[in-house]
Amino acid sequence: MRISESFIPTMKEIPSEAQIPSHQLMLRAGMIRKLASGVYTFLPLGYRVLKNVEQVIREEMNAAGAQELLLPTLHPRELWEETGRWGLYGDEMLKVTDRNKREFGLGPTHEEVITDLVRREVRSYRQLPVILYQFQTKFRDEIRPRFGVMRGREFIMKDCYSFDRDEKGLEINYQKMVQAYKNIFTRCGFKFKVVQADSGNIGGSLSHEFMVLADTGEEALYYCEACDHCQKAKEEDDNSQAGREKLSCPKCNKEMTYTRVIEVGHTFNLGTKYSAAMKATFLDEKGEAQPFIMGCYGIGVSRIVAASIEQSHDANGIIWPLSIAPFKVMLLPLDVSNEQVKVTAEKLHQDLQAQGVTVLLDDRDERAGVKFKDADLLGIPIKVIISTRNMAENKIEIKLRSKNDAIKVDLPETLSKIMAMVKA
RNA sequence: CGGGGUGUAGCGCAGUUGGCUAGCGCGCCUGCUUUGGGAGCAGGAGGUCCUCGGUUCGAAUCCGAGCACCCCGACCA
């Protein structure tokens, strides 16, 4: 992809509406633009990252035996009346009325819809377990949207639902999902913790929250460096640094570390909360109707994009991990009026694309400084610098966004060197 | 929903005891020069000063109402 032909509107100045690094950098790097409070457009660069995150999640979900589908956004009121949540969800649910005055909610979560589907289609214990998931835009009329896509009113979520015949089956699938989540967040390059949590409105007995460590996180927890035990911080701990209590780990008695965190994933053991309310049953071996034992598993996909930046950036811009970077390689020909520089860059561009490597070529007739600044802002992991200076000795330069030092490589070895880095 | 703040060019802002043609930096367009960390000079385009109403000879500026956005809090699968 050539910068000259792409839609990546970068900004030098920090928009006054953005307070935290990820929000500022997503705006400055041309990843997102605001349409209304808590409602954002993903521009091509941001969308690429979003898609990469989705793909990581998709691979791990499929590997865990889940199947992807797509549920509707419009939910008829009657369905939500079955569980009593039409009233319980209240103003947080955005509502619309059709031409026949029929009421719908814009889906803030999909337990009702998925349970309705499964109760219609699954009749026998022989068809269980079933694990289904989707990527979808969720709507929640948050009291206070903030921090860009971190807490939006419209956002992308991966939600997954498991249906089992008994608690034992659920336990197996639940553990599979927890492991899949650990794989996902590891692949995304996160430092994260898993903490047992309240299950809140969704209900059920057991739940785990997946928390990315970041100073700007809206929540906080204590963790033990020795045994990895975690517990959520109480509100009074969050608010006053000074008055924060010192907690000892209940398992190994060492003092625990306080950290702010961003919730990126949440798993719930739902039991029969929804299946019972909605009369969603299957027949067991004895021909008796039994309610499905359910689990649900959510990941904030668009939030992950912001959380990644929150955890990995510097004064100059974003630092993407290879796994979700919008492009893996950025080519920086510093003087496109030099024919040899230009030709070398074009050749690398073609060769990398032929190898299936995502690459962004800064083919603009801009000064070196401008290109370097934009490259650092965009945060593409591998920077390849092609300059008149290096051409003289038949070399190019490779710099990792995450490191300061550059390595010089003989021109003929460039491609293989980059390929080795991409695969690392 | 309570408290605080802000709305002036694409972005960041100044101008607000009422006054003349509404300004600065960045960005954008044209030309020349420049070319390893957001270049220089010259020329140029771009504004319902958030909206509506009121006061006044005259309103970006004063008054009233509304809207939007941001921050703190409560809330949040």
Side-chain angles (χ1 to χ4, degrees), chain A residues 9-20 23-24 27-28 30 33-39 80 83 85 88-93 107-112 114 136 138-148 150-153 155 157-161 197-204 207-210 218-219 235-236 238-239 263-270 273-274 294-300 303 315-317 332-338 341 362 364-378 383 385-392 396-397 399 404 406 408:
Chain A
T10 59
M11 285 188 271
K12 264 200 239 187
E13 289 175 282
I14 303 170
S16 57
E17 71 190 52
Q19 315 299 319
I20 63 169
H23 190 191
Q24 294 173 347
L27 288 165
R28 289 188 55 209
R33 288 293 183 262
K34 184 174 67 184
L35 181 62
S37 179
V39 181
W80 280 67
T83 56
R85 288 210 297 180
L88 283 174
Y89 232 91
D91 288 338
E92 202 181 326
M93 182 144 63
T109 177
H110 280 70
E111 284 80 11
E112 281 81 359
I114 194 86
Q136 213 209 30
K138 293 284 194 274
F139 295 87
R140 291 184 192 176
D141 197 1
E142 293 282 348
I143 294 168
R144 184 145 98 86
R146 62 181 126 182
F147 303 149
M150 194 72 84
R151 177 176 293 281
R153 294 192 295 170
F155 59 99
M157 174 180 275
K158 185 283 304 180
D159 49 325
C160 178
Y161 305 87
D198 296 333
S199 49
N201 219 2
I202 290 269
S207 90
H208 289 86
E209 290 182 343
F210 293 75
E218 291 187 81
E219 296 178 72
E235 268 158 43
E236 51 266 35
D238 296 359
N239 297 335
E263 180 189 349
V264 291
H266 206 154
T267 57
F268 301 87
N269 173 334
L270 296 177
K273 178 178 164 120
Y274 294 93
M294 294 172 54
C296 86
Y297 318 90
I299 292 182
R303 182 179 281 182
N316 295 317
L332 298 166
L334 293 192
D335 182 1
V336 290
S337 65
N338 178 319
V341 167
D362 192 344
R364 296 173 300 175
D365 184 12
E366 286 286 356
R367 301 167 64 87
V370 173
K371 294 192 176 192
F372 285 135
K373 288 290 185 187
D374 265 346
D376 286 350
L377 177 60
L378 300 189
K383 296 183 285 185
I385 297 147
I386 304 121
S387 67
T388 308
R389 214 160 74 184
N390 292 144
M391 281 294 110
I396 60 94
E397 232 171 298
K399 270 182 165 174
N404 283 323
K408 288 201 178 187

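Just so it is clear: chains get the letters A, B, ... in the order the sequence lines come, proteins before strands, and each one is counted from 1. Atoms considered below: every heavy atom in the structure, side chains included; atoms not considered: hydrogens, waters and symmetry mates.
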With A/E17 via side chain to side chain contact (heavy atoms under 4.5 Å, CB included) - residues at least two apart: A/P15, A/H23, A/L27, A/K34, A/Y40

Counterpart residues, salt bridge (charged side-chain N to carboxylate O under 4.0 Å, His left out), relative to A/K373 (two or more places apart): none

Nucleotide of B/G36, B/C70, B/C13 approaching A/Q19 most closely (side-chain heavy atoms): B/C70

Sugar-phosphate, base or nothing in reach of A/N390, heavy atoms under 4.0 Å: base

Letter per nucleotide, 5' to 3', of nucleotides 38-48 of chain B [B base touched, S only sugar-phosphate touched, - untouched; heavy atoms, 4.0 Å]: BB---------

Residues in side chain to side chain donor-acceptor pair (under 3.5 Å) contact with A/K12, at least two apart in sequence or another chain: none

Residues forming a salt bridge (charged side-chain N to carboxylate O under 4.0 Å, His left out) with A/E263, sequence neighbours excluded: none

Touch class at under 4.0 angstrom, heavy-atom based, for A/F155 against every strand present: base

Of the listed nucleotides B/C71, B/G36, B/C70, the one nearest the side chain of A/S37: B/C70

Those residues that, when tested against A/D362, pass side chain to side chain donor-acceptor pair (under 3.5 Å) (two or more places apart): A/R364

Pair assignment for B/C41, Watson-Crick or G-U wobble, requiring both distances under 3.5 Å: B/G31

Could you list, one pair per line, each protein nitrogen or oxygen that sits under 3.5 Å from a nitrogen or oxygen of nucleotides 6-8 of chain B, together with the distance?
none

Under the salt bridge (charged side-chain N to carboxylate O under 4.0 Å, His left out) test, residues paired with A/R367 that sit two or more places apart: none

B/G53 - base-pair partner by Watson-Crick or wobble geometry, distances under 3.5 Å: B/C63

Salt bridge (charged side-chain N to carboxylate O under 4.0 Å, His left out) partners for A/D376, two or more places apart: A/K383, A/R401

